**Student:** 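Pasting a structure below so you can have a look.
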Amino acid sequence: MNAKLSDEQLVAYLDDQLDTEQRARIDAAIAEDPMIGLRLQWLDRSSLPFKEAFNQLNRQAPVDRLQAMLDTLPSPVRPPLSRRWFLAAAAGLLAGGVLADRLFLGWQESQQTSNWRGLVADYMALYVPQTLDHLPSDETTQRAQLQTLDEHLGLKLAPAQLSLPRIELKRAQILEYDDVPIAQITYLDPVHGPLALCITLSSSGSRQVARERRHGLNIVYWSDMHHAWMLIGHNPAAELEAMATTLRSRLSA
Amino acid sequence: MWRYGLLLSRQRHVAEDLVQATCVRALERAGQYEPGTRMDRWLMSILHSIWINEVRARRVRQGQGTVDTDTALSFDGEHVAQTHVLASQVIRRVDALPEAQRETVFLAYVEGLSYREVAEVLQVPIGTVMSRLAAARVKLAEYPPLQSVPNPSSGERR
């Protein structure tokens, strides 16, 4: 009856997940059949220092960013103050479903240049000024961040090219969905909130600056030979276009 | 939680988003939390369901099972130097397992959950937990013993 012990039972034995009776049964089977003992030894080769290994991984956790994220969450202890935040966050999640849908599936289906702006707009619609709190904004950090963008998108970006009057550059990061990189350079406008310059690879040729509106956000976009660019934010369209013109001339210089 | 998110998604920014969504969802459902039970288990089950239902379900590529080695759960260049060689071998081997086995191994052997607890977090029968762990262990047993000094011929990057 015990002649055929399954790997499941042997693994449960190794994991000490059996009751006394089951254990005794396996002990007896091992005593009776050396092959079972060998199989058990073989399976035990997979007993690796899992905990220790993954504890090493914890050191890579973006603790600062996660902590910053936690700070922005509503505190249940102070409901009157946090209620609005809480509702905003819940709304963000609903949008997040749409976002994930478009980003993860839609991106692969269609890489038409008009579509990527929709994806970015979905993403940027979730940003509030607090999203950009607690980010290091020293030049060394930003240079390193920009270098990552350069590597992914074949660009040569310098902080000076990207600076905008009265608006602070907060972060440059690479987003990647299904192997298509999108650079996102985020700014915080003290009046209109977060805005972003986003870049992706495009071979559809050079195009002049054009405007559009998505999710209540203004967008100006253009492209050159190798990249499609867009500037997106709550700023009035004309203001955004002026910024785009400045950026464009500096970036093509 | 971040670690669990990274294990599932294999992408750092997705892992962060998962943690955030989990926190928000947990606050939303704070009333459903049963005092006296382990909060971390509860959070992991929320993270798992967000991953399954809202993120992974929409990721075509993940479904095809192809993973770019550069985006796989591993130590990227800047972290490699700081990380113990043994740890990176273990993580690579776990990462090479199919998703269901990978997260079952993680919950049972890294987080130290009992079979029953793993089954509750993943919302699967305990028999499924057992068969996933057995299948994972069979695969893991096939590797050569861990090497404290990296061997260039083993094919495992540092």
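Scope of the values below: all heavy atoms of this structure, side chains included, with no hydrogens, waters or symmetry mates. All values reported here derive from a predicted model rather than from experimental measurement. Residue numbers begin at 1 in each chain, while the letters A, B, ... track the order of the sequences.
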**Student:** I'd like to check B:Q89 versus A:L48 (side-chain heavy atoms, cut-off strictly below 4.5 Å). Are they in contact?
**Tutor:**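 No - every pair of side-chain heavy atoms lies 4.5 Å or more apart.
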
**Student:** What residues form a ring pair (Phe, Tyr, Trp, His ring centres under 6.0 Å) with B:Y115, not counting sequence neighbours?
**Tutor:**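 Counting only residues at least two positions away or on another chain, B:Y115 forms no ring pair (Phe, Tyr, Trp, His ring centres under 6.0 Å).
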
**Student:** Do any of residues 13-21 of chain A have a heavy atom less than 4.5 Å from a heavy atom of chain B, and if so, which, in residue order?
**Tutor:**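 The residues closer than 4.5 Å to chain B, in numerical order, are A:L14, A:D15, A:Q17.
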
**Student:** My understanding is that only residues two or more places apart in sequence, or in another chain, count here; which of them pass side-chain contact (heavy atoms from CB on, under 4.5 Å) with A:Q145?
**Tutor:**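 Applying side-chain contact (heavy atoms from CB on, under 4.5 Å) to A:Q145 gives A:T141, A:Q142, A:R171, A:A172.
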
**Student:** Identify which part of B:V19 has an atom lying under 4.5 Å from any heavy atom of chain A, answering side chain, backbone, both or neither.
**Tutor:**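 Both parts, backbone and side chain.
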
**Student:** Taking B:V94, B:V90, B:V110 one by one, which has the highest count of heavy-atom pairs under 4.5 Å against chain A?
**Tutor:**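 Between B:V94, B:V90, B:V110, the count favours B:V110.
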
**Student:** Atom CZ of A:F50 and atom CD1 of B:I91: how far apart are they, to the nearest 0.5 Å?
**Tutor:**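 The CD1 atom of B:I91 is 11.0 Å from CZ of A:F50, to the nearest 0.5 Å.
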
**Student:** With rounding to the nearest 0.5 Å, note down the distance linking OH in B:Y109 to OG in A:S47.
**Tutor:**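 Here the interatomic distance stands at 7.0 Å.
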
**Student:** Among the options B:M1, B:E142, B:K139, B:R116, pick out the one with the most heavy-atom pairs lying under 4.5 Å from chain A.
**Tutor:**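 Result: the option with the highest number of such pairs is B:E142.
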
**Student:** For the pair A:R45 (side chain) and B:R137 (backbone), establish whether a donor and an acceptor sit closer than 3.5 Å, ignoring hydrogens and angles.
**Tutor:**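 A pair under 3.5 Å: no.
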
**Student:** Side chain from CB out, backbone as N, CA, C, O: work out which of these in B:V105 comes under 4.5 Å of a heavy atom of chain A, or both, or neither.
**Tutor:**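 Answer is side chain: those atoms of B:V105 sit under 4.5 Å from chain A.
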
**Student:** At what distance, to the nearest 0.5 angstrom, does CG of B:L133 lie from CG of A:D7?
**Tutor:**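 Separation between the atoms: 12.0 Å.
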
**Student:** Restricting to non-hydrogen atoms, name the atom on B:A141 and the atom on A:S46 that form the minimum distance, rounded to 0.1 Å.
**Tutor:**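 Closest approach of B:A141 to A:S46, heavy atoms only: N-CB, 3.7 Å.
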
**Student:** Identify, with sequence neighbours excluded, every residue that meets salt bridge (charged side-chain N to carboxylate O under 4.0 Å, His left out) alongside B:E120.
**Tutor:**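 Applying salt bridge (charged side-chain N to carboxylate O under 4.0 Å, His left out) to B:E120 gives none.
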
**Student:** State, to 0.1 Å, how close A:K51 and B:G112 come at their nearest heavy-atom pair, and which atoms those are.
**Tutor:**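 In this case the closest contact between A:K51 and B:G112 is NZ-CA, 4.2 Å.
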
